[in-house]
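We name chains A, B, ... by the order of the sequence lines, and we start the count at 1 in each one. Heavy-atom basis, side chains included; hydrogens, waters and symmetry copies ignored.
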2 protein chains.
Amino acid sequence: MADSETWQETLRAGGYRLTPQRELVLTAVDTLGHATPDQVYAEVRRHSTAINLSTVYRTLELLDELGLIRHAHIEERTPTYHSTAGHEHFHLVCHHCRNVISLSSERIERFRRELVDEHGFQVDVGHLTIFGTCAACAAAPSGESRDDPDGSD
Amino acid sequence: MADSETWQETLRAGGYRLTPQRELVLTAVDTLGHATPDQVYAEVRRHSTAINLSTVYRTLELLDELGLIRHAHIEERTPTYHSTAGHEHFHLVCHHCRNVISLSSERIERFRRELVDEHGFQVDVGHLTIFGTCAACAAAPSGESRDDPDGSD
DNA sequence: GTATTTGCAAAGTTTTTGCACGTGG
DNA sequence: CCACGTGCAAAAACTTTGCAAATAC
């Protein structure tokens, strides 16, 4: 993880170059909070046309390897990237309204420890996504609170 | 969930017909434990050539809607289907060796309750996949225990 | 008999790749 | 300068769709 290093230092330390595209992608992920490659591309294009979708894919993969961003599986079949600038967190995603709630990794600490103690399994908290039904959607008898008419996934 | 109904009754109750293809797909998912559409297709083909890949996709979707199977996201961008015949469970998946450990929903009961109490969020346990590092891979300094040379995802 | 389901082939989406050109260090 | 990175276009991988033929009931 980038700890106290700047992203520039992290790239350099890995033997990678600082390019405008890499900065644009990193900034876009920070701005968006959570974003699929397509969304990152769209966000970058708002600031500059000087980027190609395949570069976005390559850059996201690189930044993920370097720990400057992380990805989880919030959408059905596209990874969703998020910044690692803040505290480590995981996600609750509502099946119905697709709202995403971010929770600090402290909230899962006890359960995480149980899995280590009993199974020797170390949870990757930053990658964790928990699906279910949020309070609002559970309360709505039909689907009044839904942004998305389809309750799939 | 299919509770005490047979799969035949569940299909009928939904107004759907009993077809050989639907039985073959359901059996394949039960046999495989966890499987992507491709793997289900391959398994079905071992018993019969009388099925088409698009039918597999359509059938998996239908069986999922009816609760006869469930899907989680174990692979990078393909849903993985599993039977609902046994007890409800969730999955631990190792990033490195890709081994899948199934745990009974009881194992997550306390944490599940915390999320309900504090956030009103009801976890969909059957859909839950937790990524991390298994005991064997944590012990292996380089990567001796890996089936998969790549530690991605 | 007839509405549902399937097979087939074609189209749609999303992601990856090869390669020549451009550029950061 | 020169190895690394990017744009472009084409290919690959995966999934969905339209429609005629087959079939469950």
Side-chain angles (χ1 to χ4, degrees), chain A residues 6-29 35-45 47-66 68-69 71-81 150 152-153, chain B residues 6-28 35-45 47-66 68-69 71 73-81 150 152-153:
Chain A
T6 63
W7 61 270
Q8 292 98 330
E9 289 167 340
T10 304
L11 275 172
R12 284 249 176 67
Y16 298 100
R17 294 180 178 172
L18 269 59
T19 67
Q21 288 86 345
R22 285 171 181 169
E23 179 169 17
L24 285 164
V25 168
L26 189 53
T27 302
V29 171
T36 62
D38 246 28
Q39 294 169 333
V40 171
Y41 179 62
E43 173 65 17
V44 171
R45 296 286 295 211
H47 303 292
S48 164
T49 56
I51 199 163
N52 186 274
L53 181 56
S54 54
T55 300
V56 171
Y57 276 99
R58 287 186 284 224
T59 303
L60 287 170
E61 187 179 356
L62 176 66
L63 298 178
D64 197 349
E65 279 171 17
L66 293 174
L68 291 169
I69 60 176
H71 78 276
H73 302 287
I74 292 175
E75 298 300 322
E76 188 68 22
R77 51 176 163 315
T78 306
T80 301
Y81 292 86
D150 163 348
S152 71
D153 185 71
Chain B
T6 63
W7 61 270
Q8 291 97 331
E9 290 168 338
T10 304
L11 276 172
R12 284 249 176 68
Y16 298 102
R17 294 180 177 173
L18 269 60
T19 68
Q21 288 87 346
R22 285 170 181 168
E23 179 169 16
L24 285 163
V25 168
L26 188 54
T27 303
T36 62
D38 247 27
Q39 294 168 334
V40 171
Y41 179 63
E43 173 65 18
V44 171
R45 296 285 295 209
H47 302 291
S48 164
T49 56
I51 199 162
N52 186 274
L53 182 56
S54 54
T55 300
V56 171
Y57 276 100
R58 288 186 283 224
T59 303
L60 287 170
E61 188 180 355
L62 176 65
L63 298 178
D64 197 347
E65 278 171 16
L66 292 174
L68 291 168
I69 61 177
H71 78 276
H73 301 286
I74 292 175
E75 299 301 324
E76 188 69 20
R77 55 171 163 303
T78 306
T80 302
Y81 292 86
D150 163 348
S152 70
D153 185 71

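If you take CD of B:E65 and P of C:dT5, they are 12 Å apart, rounded to a whole angstrom. One atom, CG of B:L60, and another, P of C:dT5, lie 15 Å apart when rounded to the nearest Å. As a whole-Å value, the separation of A:E75 CD from C:dT14 C1' is 14 Å. Following rounding to the nearest Å, B:N52 (CG) and C:dA10 (P) show an atom-to-atom distance of 13 Å. A:I51 places its CD1 atom 14 Å from the P atom of C:dT23, with the value rounded to the nearest Å.
With rounding to the nearest 0.5 angstrom, the OG1 atom of A:T55 is 10.5 Å from the CG atom of A:L60. The distance from the CG atom of A:L63 to the OG1 atom of A:T59 is 6.5 Å, given to the nearest 0.5 Å. Between the CG atom in B:D64 and the CD1 atom in B:I69 there is a gap of 5.5 Å [rounded to 0.5 Å].
Within residues 22-29 of chain A, no residue has any heavy atom closer than 4.0 Å to DNA chain C. Residues from residues 11-21 of chain A with heavy atoms under 4.0 angstrom of DNA chain D, sorted by number: A:Y16, A:R17, A:T19, A:Q21.
Residue contacts shown for A:R77 are limited to sugar-phosphate atoms, with no base heavy atom under 4.0 Å away. Residue contacts for A:T78: at a heavy-atom cut-off of 4.0 Å it reaches the sugar-phosphate backbone alone, with no base atom in range.
Side-chain contact between A:L24 and A:S48 is present, with heavy atoms from C-beta onward closer than 4.5 Å. With contacts defined as side-chain heavy-atom distances shorter than 4.5 Å, the pair A:Y81/A:V25 does not qualify.
B:E43 is linked by a side chain to side chain donor-acceptor pair (under 3.5 Å) to B:R46, B:H47, counting only residues two or more places apart in sequence or in another chain. Residues that satisfy the side chain to side chain donor-acceptor pair (under 3.5 Å) test with A:T19, not counting sequence neighbours, are absent from this structure. Qualifying side chain to side chain donor-acceptor pair (under 3.5 Å) partners for B:Q8, counting only residues two or more places apart in sequence or in other chains: B:T6. Among residues two or more places apart in sequence or in another chain, the side-chain contact (heavy atoms from CB on, under 4.5 Å) test is passed with A:T49 by A:R45. Applying the side chain to side chain donor-acceptor pair (under 3.5 Å) criterion to A:N52, with sequence neighbours excluded, gives A:S54.
Counting only distance, with no hydrogens or angles, the side chain of A:E23 and the backbone of A:P20 share no donor-acceptor pair below 3.5 Å.
On the nucleic acid side, DNA chain D contacts chain B at distances under 4.0 Å to non-hydrogen atoms, with the end points of that region at D:dC14 to D:dC25.
Residue-to-nucleotide proximity on DNA chain D shows that, of A:T55 and B:L53, the 5′-proximal contact is made by A:T55.
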